Structure formats: structure tokens, C-alpha cells
2 protein chains.
Amino acid sequence: MDTRLLRSFTAVAEDGSLSRAAERLFVSQPALTKQIRQLETLLGVRLFTRSRAGMALTEAGEALAGQAPALLAHWERALAATRGAAARAARVLRVGFMASAANEATQEIVTRFCALHPGWRVDMRQASWSEPTAGLADGSVDVALLRLPFPGQGDLRVEVLLTEPRCVALPAGHRLADREEIAFRDLWDEPYVAAAPETGGWRDYWLAADEREGRPVTVGAVTEHPDDWLSAIANGYGIALAPASAARFYARPGVVYRPVSGVSPSRVAIAWPPAADGDPVVRDFVRCCLDATSAPG
Amino acid sequence: MDTRLLRSFTAVAEDGSLSRAAERLFVSQPALTKQIRQLETLLGVRLFTRSRAGMALTEAGEALAGQAPALLAHWERALAATRGAAARAARVLRVGFMASAANEATQEIVTRFCALHPGWRVDMRQASWSEPTAGLADGSVDVALLRLPFPGQGDLRVEVLLTEPRCVALPAGHRLADREEIAFRDLWDEPYVAAAPETGGWRDYWLAADEREGRPVTVGAVTEHPDDWLSAIANGYGIALAPASAARFYARPGVVYRPVSGVSPSRVAIAWPPAADGDPVVRDFVRCCLDATSAPG
DNA sequence: CTGCATCTATAACCTGGAGGAATGGATGTG
DNA sequence: CACATCCATTCCTCCAGGTTATAGATGCAG
């Protein structure tokens, strides 16, 4: 049996319908019917009961559905570890990052690291905002420059590199756009451009959900990439809190950035998996991060 | 990627040769070459370096080879759990057993259990002697009637059901076949029919390796099933220690059984995985085992 | 109560995948 | 230098897997 059949099974289990799952997987309904039948034949077990109402999991199907996520994740991690080993052998350090990484310090970090490790290359990999660990969780990167807090943070080693105030990104024609500085309480009732709900605490943080005295947030749009985020703001779907450096790294016609008072600052950190503690290459990269962000300049 | 490619990869990694692995997997060498190529393309990584001397793993290949056994085992366990759920739903208790299981008590155990659980069926599954946990390790059975000690015993719950002396199985024409009882020390220099080396402590136990004052064992044959075991003895390839009940359950022309002094007795136990502690069906079966083997009769 | 919508299953067909046979290329050894 | 041995490539064949069309079953709305 292969992961393709397991993924198909998972999709049908989630949707409760062959037709809907087929649509989501971009295959025809008969093709998916055959795949599920093939899986049941291979296992010698009925996984679904069929009816006009769709596909309901049997007890065996429930058991497999319970196992499937961990199994598929195990596969992905194994493949990631294999790719990681290949990168290491080729003297490539894969660095995930969110948004502007460590701002201006990023280039210095890379320069310092390459000086320390001649022959090595740093592969910077930008992550979508729907994956706040920037690849650390699934093992597709070795270290990551991240904004705190993020989901899964407790499972990773973290060193704070720098702190910067947060500001607000507004459409250029916004009624508050002329202000030199805006109090956060004046922004409480605005609609916001937010990250995906499944990012949990990450999204809450960038909505400053815990810093508005219980006042609820209005979400005007959900985006996953900086470009989409900027477009949504420029188009007036909402405003967004951002690190102050966003004014430099994400300048865009139609978007203005203003300092905000009454909201906590943003922290940039370097993160890596505990299993990499003994890895001199990772240790040196972390050292370079700390050095590059502690010296004045 | 599927498990078939991963198994192919594993075979090539173990053999260090496409040609030999192809032979072992019963596919042609070009077919295996293409499979490995397909896997490397899917991963975007070189797994082997090729030469006239065969296939050597790259660092990425080493990484994958390190992960593969656990990954494949995870798959097997997930499938086993799925089949287990199907069996449970169908009110079937799958019982693995070695050799004669719990001897004459086995039928009473099943009878008591079915009386306690009307509508349930006990599926008795005999295991080869190369798998001393009789399916518990890979999850293909719910409980197992086993002979102690066995590999992996520490990971399972075990209740001893009965103890019986060990005897020796000899070819009928053996020079000691006329004895009423034979001292173990008189058997030390005989060749033995043994279990496979990978069964470890199990094989040592049945060779009474720890009860011969350091004298080494001579292995005359290795077998995995009772029939092969009996044939090997009858053909004079060696002798073997066996539970006393073997004389009743494995009577065979050409093989005689004689009591042996100076060797520890054999213990039959019921074993089950710790995860099944809270399962009333498993608990009841264990209860039936204990009840059936404690009453006189 | 009947017709229609909606769901899965089956049949027929087509294309591409995957295995085998034959053979090529490279290299080590006697 | 010839041969053996290893992996790679080419060509061929058959089957797997997807699609389209349609069948069968069933629930719901009028």
C-alpha cells in the first residue's frame, strides 16, 4: 500500500463523500472509488459503509483514520531527514524564515557564518505565514529565523536576537493615516487582515488579541503571504499590526506604516530542534546570529 | 512514494548490489534500477553511488536507510491495528500461539471464554518458531499463548499459566533411546536441532545454553516449524529439548521422547500488550486462561 | 406518491506506467 | 587483452489507473 492510497483514504474519511473528496483531490469520482476499493482489498478489511448519504467509516476505518496522520507525518519527516542529510553532505545550511527574517542583520549573519565555514552555503527559505515554524516542524530546514510567539515553540530551542516596536500598516487613504503615532485603543474597532485561524497563538499575537481589554477582533481578510497581506491592506480590507521594520522591507504604494503605542514589541528569534544541539554547524550559525544582533551597528 | 520503493531501497542498501537485491526480490535487475531511479527522482536526492563494485549508500542514503525500518514497521503496525479493529468489530479474538499452545488446557480456555462472551469467536493462529511473540510484536494478534522466555518479553504483560518438565526428543535409533530417563549432562555433546539464531534468548533457552556449565552447543540443523523440527530429529540431524507434552502433541514415527533430569522446566504463559490492559475482552480471556490452568484436572 | 437530484458502482476505453529481454557501457581481474 | 560482472539504456508488451458515460440505489421535495 502506498501513501497515495492513504491520502485518498484520509480525504474521503474527512469529507464523508467520494464525490467531494474526488473534487478536492482533482481526480474523478470513479477513480477514487477504485482507489478506496483497492485499499480495502489490500487490507482485507471494509473501511467504509456506503450509502446515499455518502461514506461512513467502519470501526476499522476509524482505527486507520486515527493512525493515518502520524503515519503520513512519519513519512514526511523521514523524507525530510533524507533531504537534510543530502544538504548537509553538500555543505548547505537550510535556513527558514518568516517575512523579513532578522531584518538588516540577516545579511551580516549569513556573511559571518560563511566566513566561519568556508565552502558552506546558506539556503534561505521563506515560509508562508500559515507555517510559523518556517519548516522546522516538518524538518525541511535546519534552523529558522522566526517571530515569537509561534505554535510548537515549546518543542524547539529558541534564542531571542532582537526586539523592535510594532507599528500598524494602514491603507494610504485611511482616516488615521495622517497621524504621527496612533494609540492601539484607537485601532480596536478596525477590521484586521489576519493570518489563518489554524496558526492559533501566532495569529492572536499579531492581532494583539490579549492586549485589547477583552474587546473582540474583527477580521476583514485572511492571508498567507506578504504580497497578499499588502494587497489586502492597500485594497482596504483591513489593517494589520506589523514589526516596525515592515516599513522598510514591505514598502508598497497604497500602504502606510505608523508607530503604535500601547502594544507590546515584536521579538525575532533563532530557533532550532533540540536534536541539533550537538551539531557544530547549527551551533555556529546560532552564534553568528547572536553576535550579529548584539554588537552596535 | 510508496512502501514498495522503500522496501526495494532497503534491499539494495542491505545487499550493496542491484543484481543481488533484484534476485532476492524476484524482479529483474533493470526493473530494480528503475525503481531506485524513481525513488531518487521523487526525493530529489542521490541515494547511492554506482560503481563496478555495486551500490554504495550516500550520506542521504544512509539517513534514509536509518529511517526505513522504523517507517516500514510503523506502516505494518498501522495496518495491523486496522485489521485488529475489524476483527474486534466482528467479535473475533485473535490468539497467537506457539507449538501446542497451553496443551490440553487450550480447548478449555476457548470454551470458557466463549461461554463468557456469547457471539464471540476465538481465532487461533499458530506462529512459526522464528516469531516467538506469535504476532504480538507486530500487532497481528490480540493475545498470545507463549513459552517463556521470549524476545521482547519485557515489553509485554505476562502471566504464567503452567509449568511442565522438559524432555528430550531423540531419533528412535539413538543410542540413548532405550533409557527411561536421561541426565542432561549425557546430552551435552549431542548435535541439536535449533531455532533460528535471530530468535536469540528463545533459541538459547531451548538449547539450555545456560545450564551446561559453559560447554558449547553443537547445532546440527535449524528449523522453524514443528513438522520440520520433527523431520530433522527423525532424520538424525540432531536432538532437541522439548516440553514434556510434546510426546503427546508431536508423536511421530521415528521420534521418541524421554524425560531429562538436570534441566529447568518449561513455562507456558499468556501474554498481551500493555495497551490492552483496559480491554475487558482481553482481560476476560486472561482470566479464563488462569482459571483453566489452576483448577486440578 | 412520484420525479428528480445525488450519491456510489460499473463498464468501456485509452494512455501511460512498469516489468522483462536484449544489449550497451564501464571496469576489474586473471 | 579477453572475459566476467556490475549498472544503465532501449525496446516491447501488458496491465494499471484514470476518464467518460451510465447504471443502480435512495432520499427529498413538490
Side-chain angles (χ1 to χ4, degrees), chain A residues 1-62 64-65 68 72 75 79 82 86, chain B residues 1-62 64-65 68 72 75 79 82 86:
Chain A
M1 181 178 76
D2 64 14
T3 53
R4 179 179 63 88
L5 292 182
L6 193 60
R7 287 184 216 284
S8 299
F9 163 78
T10 300
V12 176
E14 283 169 5
D15 290 351
S17 157
L18 276 167
S19 306
R20 280 203 300 280
E23 195 171 336
R24 173 149 74 95
L25 297 174
F26 300 104
V27 296
S28 65
Q29 174 263 315
L32 198 49
T33 292
K34 289 184 201 173
Q35 287 178 25
I36 298 303
R37 273 300 184 72
Q38 183 181 356
L39 182 53
E40 287 177 326
T41 301
L42 274 162
L43 275 163
V45 150
R46 265 310 165 104
L47 297 169
F48 295 98
T49 55
R50 276 88 159 156
S51 74
R52 161 69 177 75
M55 308 279 278
L57 285 165
T58 60
E59 287 186 45
E62 293 278 3
L64 185 57
L72 291 169
W75 272 84
L79 304 198
T82 303
Chain B
M1 180 177 74
D2 67 13
T3 52
R4 180 178 60 88
L5 292 182
L6 192 59
R7 287 183 217 283
S8 297
F9 163 78
T10 300
V12 177
E14 284 169 6
D15 290 352
S17 158
L18 276 168
S19 306
R20 282 205 298 282
E23 195 170 335
R24 173 147 75 95
L25 296 174
F26 300 103
V27 296
S28 66
Q29 175 262 317
L32 195 50
T33 291
K34 293 179 199 172
Q35 287 178 25
I36 298 303
R37 274 301 185 72
Q38 183 181 357
L39 181 52
E40 287 177 326
T41 301
L42 274 162
L43 274 163
V45 150
R46 264 310 163 104
L47 297 169
F48 294 99
T49 55
R50 275 88 159 159
S51 75
R52 160 71 173 76
M55 308 278 278
L57 286 165
T58 60
E59 288 187 46
E62 294 278 2
L64 185 58
L72 291 169
W75 272 83
L79 304 197
T82 304

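Chain naming here is simple, since letters A, B, ... match the order of the sequence lines and numbering starts at 1 in each. Because only heavy atoms are used, hydrogens play no part in the values below, and waters and symmetry mates are left out as well, while side chains stay in. Computed from a predicted structure; not experimentally measured.
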Self-check item: Covered region of DNA chain C, 5' end to 3' end, by chain B [heavy atoms, under 4.0 Å]
Solution: C:dA18 to C:dG28
Self-check item: Between the first and last five pairs of the helix from C:dC1-D:dG30 to C:dG30-D:dC1, the angle of the axes, rounded to 10 degrees
Solution: 10°
Practice problem: Apply side chain to side chain contact (heavy atoms under 4.5 Å, CB included) to B:Ser8 and list each qualifying residue two or more places apart in sequence or on a separate chain. | Solution: B:Leu25, B:Leu32, B:Gln35
Quiz prompt | Non-neighbouring partners of B:Arg24 that pass side chain to side chain contact (heavy atoms under 4.5 Å, CB included), sequence neighbours left out | solution = B:Ala11, B:Glu14, B:Asp15
Quiz item: In residues 54-62 of chain A, what residues come within less than 4.0 Å of DNA chain D, judged by heavy atoms?
Solution: none
Quiz item: For DNA chain D, which residues in residues 9-22 of chain B have a heavy atom at a distance below 4.0 Å?
Solution: B:Ser17, B:Leu18, B:Ser19
Practice problem: Return the residues of residues 23-34 of chain A meeting this criterion: a heavy atom under 4.0 Å from some atom of DNA chain C. Order them by number, or give none. | Solution: A:Gln29, A:Pro30, A:Thr33, A:Lys34
Self-check item: Pair listing, salt bridge (charged side-chain N to carboxylate O under 4.0 Å, His left out) test, anchored in residues 26-37 of chain A, at least two apart
Solution: none
Quiz item: What one-letter contact string describes nucleotides 23-30 of chain D from 5' to 3', where B marks a base within less than 4.0 Å of any protein heavy atom, S marks contact via sugar-phosphate atoms alone, and - marks no contact?
Solution: ---BS---
Think [X] has a side-chain N or O under 4.0 angstrom from the OP1 or OP2 of [N]?
| X | N | value |
| --- | --- | --- |
| A:Gln38 | D:dG17 | yes |
| B:Arg37 | D:dT9 | yes |
| B:Arg50 | D:dA8 | yes |

Quiz item: What pairs meet the ring-ring contact (aromatic ring centres under 6.0 Å, His included) rule with one or both residues in residues 25-56 of chain A, with sequence neighbours excluded?
Solution: A:Phe9-A:Phe48
Quiz prompt | Set of side-chain hydrogen bond (donor to acceptor under 3.5 Å, both in side chains) partners for B:Glu59, sequence neighbours left out | solution = none
Self-check item: Within residues 46-57 of chain A or reaching into it, pairs that qualify as side-chain hydrogen bond (donor to acceptor under 3.5 Å, both in side chains) - sequence neighbours excluded
Solution: A:Glu40-A:Arg50
